[in-house]
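Throughout, protein chains are lettered first and strands after them, A, B, ... in sequence-line order, and every chain is numbered starting at 1.
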2 protein chains.
Amino acid sequence: MPRALPEPSVDSFDLTVILSALAEPGRRALMTELYRGSEPIDCAVIAEKADLGLSSPTISHHYRVLREAGLIRTIAEGRKRIVTVRRLDMEARFPGLLSAVLTGR
Amino acid sequence: MPRALPEPSVDSFDLTVILSALAEPGRRALMTELYRGSEPIDCAVIAEKADLGLSSPTISHHYRVLREAGLIRTIAEGRKRIVTVRRLDMEARFPGLLSAVLTGR
DNA sequence: GTGATGCTTCGACAAGCATCAAACGATGTG
DNA sequence: CACATCGTTTGATGCTTGTCGAAGCATCAC
C-alpha cells in the first residue's frame with residue numbers, strides 16, 4: 001500500500017529552509033536529476049544517476065531534508081521510495097525558483 | 001578615493017556559494033532592501049532598514065559573504081562602504097534567480 | 001597633532017550540519 | 001518460517017558557521 005511520507009503544506013514553505021536544502025551540492029544534484037524527468041521515480045535510480053559517492057544513510061538524510069523543505073514528495077511503496085518534484089507547489093509559492101536554480105549553467 | 005573591494009568574476013560564480021549566502025535570513029534581508037533600490041547606497045543605511053538586531057562585526061561579516069559570493073559590489077569611500085547588487089552579472093549567469101528569491105512571498 | 005567615527009579583523013564560543021558505521025524496521029522471496 | 005533487501009534511525013565525529021567583544025585601521029573633524 002503506497003503511503004505518502006509527511007511533508008509541509010504550501011502555506012508553511014520557508015524560503016530559508018528551501019534555500020538551505022538547495023545550497024548543498026549533493027542535494028542539488030539529486031534535484032537536478034529529479035527535475036529532468038517528470039514521472040515519479042525510484043529514489044535509488046535518481047541517486048544512481050546523480051552519482052554522489054555517499055553512503056545510504058547520508059543519501060536518505062538528504063532526501064529527508066528535501067522532503068521536509070517541501071521540494072519533493074516521497075511515497076513509500078513496499079521497500080522502495082518513489083519521489084517527485086513538487087513543481088506546482090513550488091511554482092505557486094516561489095515562481096521561477098526551481099527553474100533558476102536547477103537549469104543554471 | 002573610491003576603491004572596489006575584491007569580488008569574484010562572473011565566470012567564477014559558484015551556485016553553492018550563492019545559495020548558501022542567500023539561505024541566511026539576515027543576509028537575505030539585506031539583499032531584499034538592496035534589491036528594492038537600484039542606486040549604490042551606504043551599507044549602513046541598508047542595514048538600518050533591514051533592522052536586524054546584530055552587532056557591527058556580524059553585519060560586516062554578512063556583507064563580506066554577499067560580496068565574496070558575487071551578489072553585491074562594495075566600494076570603499078572614505079570610512080563608508082557603498083554597496084550595489086550585481087544585477088547584470090547575476091542575471092547573466094543565473095537568470096531569474098535574484099528575482100525569484102528576493103521577490104518571493 | 002588628538003580625538004571621534006565607521007568598518008574590519010581576531011579570537012572565542014555555541015550551534016548546526018554532513019558524514020559514516022552500526023543497528024533497526026519493514027517488506028519481499030525462498 | 002528464515003533470510004535477504006532497501007531504506008531509516010541512532011550515535012558519534014569533525015567541520016562549518018553565526019555571533020559577539022575587543023582590538024585594529026583608516027578616515028574625517030577639530
Side-chain angles (χ1 to χ4, degrees), chain A residues 1-7 14-31 34 40-69 71-84, chain B residues 1-7 14-31 34 40-69 71-84:
Chain A
M1 246 55 191
R3 56 188 176 86
L5 272 55
E7 64 184 24
D14 179 351
L15 188 50
T16 297
V17 175
I18 291 173
L19 291 178
S20 302
L22 290 173
E24 216 284 327
R27 283 194 292 261
R28 210 165 54 244
L30 290 174
M31 283 299 295
L34 207 45
I41 187 172
D42 186 333
C43 75
V45 173
I46 291 294
E48 171 91 12
K49 285 190 189 174
D51 191 32
L52 326 168
L54 299 176
S55 68
S56 36
T58 302
I59 294 188
S60 178
H61 163 69
H62 285 322
Y63 272 123
R64 171 199 269 261
V65 171
L66 292 174
R67 174 173 53 83
E68 292 181 339
L71 286 161
I72 65 174
R73 171 162 299 129
T74 305
I75 295 174
E77 284 199 22
R79 289 175 296 190
K80 308 249 180 209
R81 299 292 181 274
I82 309 298
V83 286
T84 335
Chain B
M1 249 54 192
R3 58 190 175 86
L5 271 56
E7 64 185 24
D14 179 351
L15 188 50
T16 297
V17 175
I18 290 172
L19 290 178
S20 301
L22 291 173
E24 216 284 327
R27 285 194 291 262
R28 211 166 53 244
L30 290 175
M31 283 299 294
L34 207 45
I41 187 173
D42 186 334
C43 76
V45 173
I46 292 295
E48 171 91 10
K49 284 190 189 174
D51 191 33
L52 327 168
L54 299 176
S55 67
S56 35
T58 302
I59 294 189
S60 178
H61 164 70
H62 284 321
Y63 273 123
R64 171 199 268 261
V65 172
L66 292 174
R67 174 172 54 83
E68 292 180 340
L71 286 161
I72 64 174
R73 171 162 299 128
T74 305
I75 295 174
E77 283 199 21
R79 289 173 297 189
K80 307 248 180 209
R81 300 292 181 272
I82 310 298
V83 286
T84 334

So if I take residues 17-31 of chain A and measure heavy-atom distances to DNA chain D, which residues fall below 4.0 Å? none

Residues touching DNA chain D, which here means a heavy atom under 4.0 Å, drawn from residues 44-57 of chain B: B/G53, B/L54, B/S55, B/P57

Atom of [X], atom of [Y] and distance for their closest heavy-atom approach:
X: A/L5; Y: A/A76; answer: CD1-CB, 3.8 Å
X: B/V83; Y: B/T74; answer: CG1-OG1, 3.7 Å
X: A/A69; Y: A/I18; answer: O-CG1, 3.6 Å
X: A/P40; Y: A/I82; answer: CB-CG2, 3.5 Å

Taking CZ from A/R81 and C1' from D/dG7, how many angstroms apart are they, rounded to a whole number? 5 Å

How long is the line joining OH of B/Y63 and P of D/dG18, in whole Å? 16 Å

Contact nearer the 5' end of DNA chain D, comparing A/H61 with A/K80: A/K80

Using the closest heavy atom to pick a nucleotide of DNA chain D for each, name whichever of B/I59 or A/R67 lands nearer the 5' end. A/R67

Mind checking what makes side-chain contact (heavy atoms from CB on, under 4.5 Å) contact with [X], not counting sequence neighbours?
X: A/A50; value: A/A29, A/L30, A/E33, A/L52
X: B/R64; value: B/R67, B/E68
X: A/I59; value: A/A47, A/L54, A/Y63

Using only side-chain N and O atoms of A/R79, determine if any of them is under 4.0 Å from OP1 or OP2 of D/dA4. no

Does B/H62 place a side-chain N or O at less than 4.0 Å from the phosphate oxygens OP1/OP2 of D/dT19? yes

Provide the full list of side-chain hydrogen bond (donor to acceptor under 3.5 Å, both in side chains) pairs with a residue in residues 44-57 of chain A, sequence neighbours left out, each pair given once. A/S55-A/T58

Applying side chain to side chain donor-acceptor pair (under 3.5 Å) to A/R81 and not counting sequence neighbours gives none

Residue pairs meeting salt bridge (charged side-chain N to carboxylate O under 4.0 Å, His left out), one or both in residues 14-29 of chain B, sequence neighbours left out, come to none

Which distance, rounded to the nearest 0.5 Å, do you find between the CD1 of B/I72 and the CE of B/M31? 7.0 Å

In the 5' to 3' direction, the nucleotides of DNA chain C bounding the stretch that comes under 4.0 Å of a heavy atom in chain A are C/dA18 to C/dG28

